[in-house]
Participant: 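My structure is below; once you've seen it, I'll send some questions.
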Amino acid sequence: MRKNKQVLVGITGGIAAYKSPDLVRRLMDRGADVRVVMTESACEFITPLTLQAVSGHPVHQHLLDAEAESGMGHIELARWAEMIVIAPSTANFIAKMATGKADDLLTTLILASKAEIVVAPAMNRQMWQNPTTQENLETLIERGVRIIGPAEGGQACGEIGLGRMTEPDEIAQELLGDGIPKSLTGVRVVLTAGPTWEAIDPVRGITNRSSGKMGFALAEAASDFGAEIILISGPVSLETPQGVERINVVSSQDMFTAVHEHITNADIFIGVAAVSDYRPVMISEQKIKKVEDSMELKLVRNPDILRSVAELEDPPFTVGFAAETECIDENARIKLTNKRIDMIVANNVAGEEGAFDNDCNQITVHTENQSIPIERKSKYQLSVELLEIIVSLWEHNNP
Ligand code: CTP
């Protein structure tokens, strides 16, 4: 078991503070224990209650707060932290750090802690380019502070340039991706994720429930393992993980074609997508009008993408996901045998604790000879453990 990294997230007063709860969540998804400290001006942009709800712990705000000091006092917090991440960090806060000020809780903690300090700046592009800011940054870098970003793009003030806070998933990957062994370096992984959409007419279709979160978490984790990833995704509203090549598809047939265009050199194929098993025989070019009291829709079976990959002459290591509502492990093992794949992940999609839309899940990994349950955790952490099992089997097959 990896020990959870103890990360203190410091939030200062910039508009990018709206991204900080997402950063906290993503650090926690990656197994970090997170505590939050907010400056007074950060509280003008976002409420401590939001951060308390996301982190699951009270937010620290004041240096001289008797109640907070009777809990985890500021010196204790400074010792607790293994890493302090200031995100967003304003130009003013960077200046305070460079001059060693300790006039509020966050600046005091930074001075009182031996933790690694990371700064994710966010400010207007002129403020970023200003020589004073640049000199302050140089001072911080000389003292061993790590700077992440800023990124380039549109800014809240309407200008375009360098100064946006780096996206939370990129910061989380940069901070916590190190703990992952790069055991899939050079290994090519093709993944399917999300649902498919089988059109009936221009406004209606048949689809499956799938948020795409598991497939995207797996792609993110595989990227941390060093793999080259092609993520073939049905329609979902998720950001593409760092370092992942994404191909968007709509129908099951599109997904089939995209998979077979990219599978030739793949070492591992993981089918996470909830593929529609059937599609309408005919797609109406115009919107179908309601005329009759009932109507019949004739459907035809779609090809099984996973099975078609496993049946290739020289197939990659092939992993499927079995979405089940009952007899989960039995049904999953039947699919393992019928589809002739190397591994299947049994996924309970029934009830509120089920996989749909949740950030957490529990799974059981089945191979011909083994059944390995993985307890409930974030989809990213599940992915890391699943990939560790895949790596050990894949290395065994490819010594
Ligand atoms: N799958 C696929 N192509 C299909 C149907 C499913 O590649 N046309 C893959 C899924 O991506 C998943 C696995 O097969 O990895 C199992 O999908 P699931 O929907 O659980 O099973 P089905 O084979 O569709 O069987 P059923 O719907 O009868 O449970």
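The chain is numbered in sequence order, starting from 1. Counting starts at 1 for both ligands and their atoms, following the listed order. Small disclaimer: the values here were computed from a predicted structure and weren't measured.
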Participant: Any heavy atom of Ala322 sitting closer than 4.0 Å to ligand 1?
Facilitator: yes

Participant: Looking only at protein heavy atoms, identify the closest one to atom 18 (P) of ligand 1 and say how far it is in Å.
Facilitator: Lys335 NZ, 3.5 Å

Participant: Using every non-hydrogen atom in the two residues, find where Met97 and Ile117 come nearest and quote the distance to one decimal.
Facilitator: CE-CG2, 3.6 Å

Participant: Scan the protein's non-hydrogen atoms and note whether one is under 4.0 Å from atom 21 (O) of ligand 1.
Facilitator: yes

Participant: Check whether Thr139 reaches the backbone of Glu135 with its side chain - one donor and one acceptor, N or O, closer than 3.5 Å.
Facilitator: yes

Participant: Any protein heavy atom at under 4.0 Å, with atom 28 (O) of ligand 1 as the reference point?
Facilitator: no

Participant: Heavy-atom contact check, 4.0 Å cutoff: does Ser308 meet ligand 1?
Facilitator: no

Participant: Closer than 4.0 Å to some heavy atom of Gly320 - which atoms of ligand 1 meet that?
Facilitator: 15 (O)

Participant: Can we say Arg188 and Glu245 salt-bridge, meaning some charged N sits less than 4.0 Å from an Asp/Glu carboxylate O?
Facilitator: no

Participant: Between Ala323, Gly271, Ala332, Ala346, which one has a non-hydrogen atom sitting closest to atom 15 (O) of ligand 1?
Facilitator: Gly271

Participant: Can you tell if the side chain of Leu299 reaches within under 4.5 Å of the side chain of Ile206, non-hydrogen atoms only?
Facilitator: yes

Participant: Locate the shortest heavy-atom distance separating Ala17 from Ile11; write the atom from each residue and the value.
Facilitator: CB-CG2, 3.8 Å

Participant: Do the side chain of Ser284 and the main chain of Asp201 share a donor and acceptor less than 3.5 angstrom apart?
Facilitator: no

Participant: Using a plain distance cutoff, I'd like to know if Phe321 has any nitrogen or oxygen under 3.5 Å from a nitrogen or oxygen of ligand 1.
Facilitator: yes

Participant: According to a hydrophobic-cluster definition based on side-chain heavy atoms being under 4.5 Å apart (Ile, Leu, Val, Met, Phe, Trp, Tyr only), do Val190 and Leu312 belong together?
Facilitator: yes

Participant: For residues Phe45 and Val24: do they belong to one hydrophobic cluster (side chain heavy atoms under 4.5 Å, members Ile, Leu, Val, Met, Phe, Trp, Tyr)?
Facilitator: no

Participant: Could you give the distance from OG1 (Thr192) to CD1 (Ile305), rounded to the nearest 0.5 Å?
Facilitator: 6.5 Å

Participant: To the nearest 0.5 Å, what is the distance between OG1 (Thr185) and NZ (Lys182)?
Facilitator: 7.0 Å

Participant: What's the shortest distance from atom 7 (O) of ligand 1 to any protein heavy atom, and which residue and atom give it?
Facilitator: Leu306 N, 2.8 Å

Participant: For ligand 1, is any non-hydrogen atom under 4.0 Å from Asp277's backbone (N, CA, C, O), its side chain (CB onward), both, or neither?
Facilitator: side chain

Participant: Please work out whether any backbone atom (N, CA, C, O) or any side-chain heavy atom from C-beta onward of Pro303 is under 4.0 Å from ligand 1, and answer side chain, backbone, both or neither.
Facilitator: backbone

Participant: Tell me the protein heavy atom at minimum distance from atom 3 (N) of ligand 1, and give that distance in Å.
Facilitator: Ile305 N, 3.0 Å

Participant: Touching ligand 1 at all, Lys339? Heavy atoms, strictly under 4.0 Å?
Facilitator: yes

Participant: Using a 4.0 Å cutoff against the non-hydrogen atoms of Ala273, which atoms of ligand 1 qualify?
Facilitator: 10 (C), 11 (O)

Participant: Side chain or backbone, does Thr192 bring an N or O within less than 3.5 Å of an N or O on ligand 1?
Facilitator: no

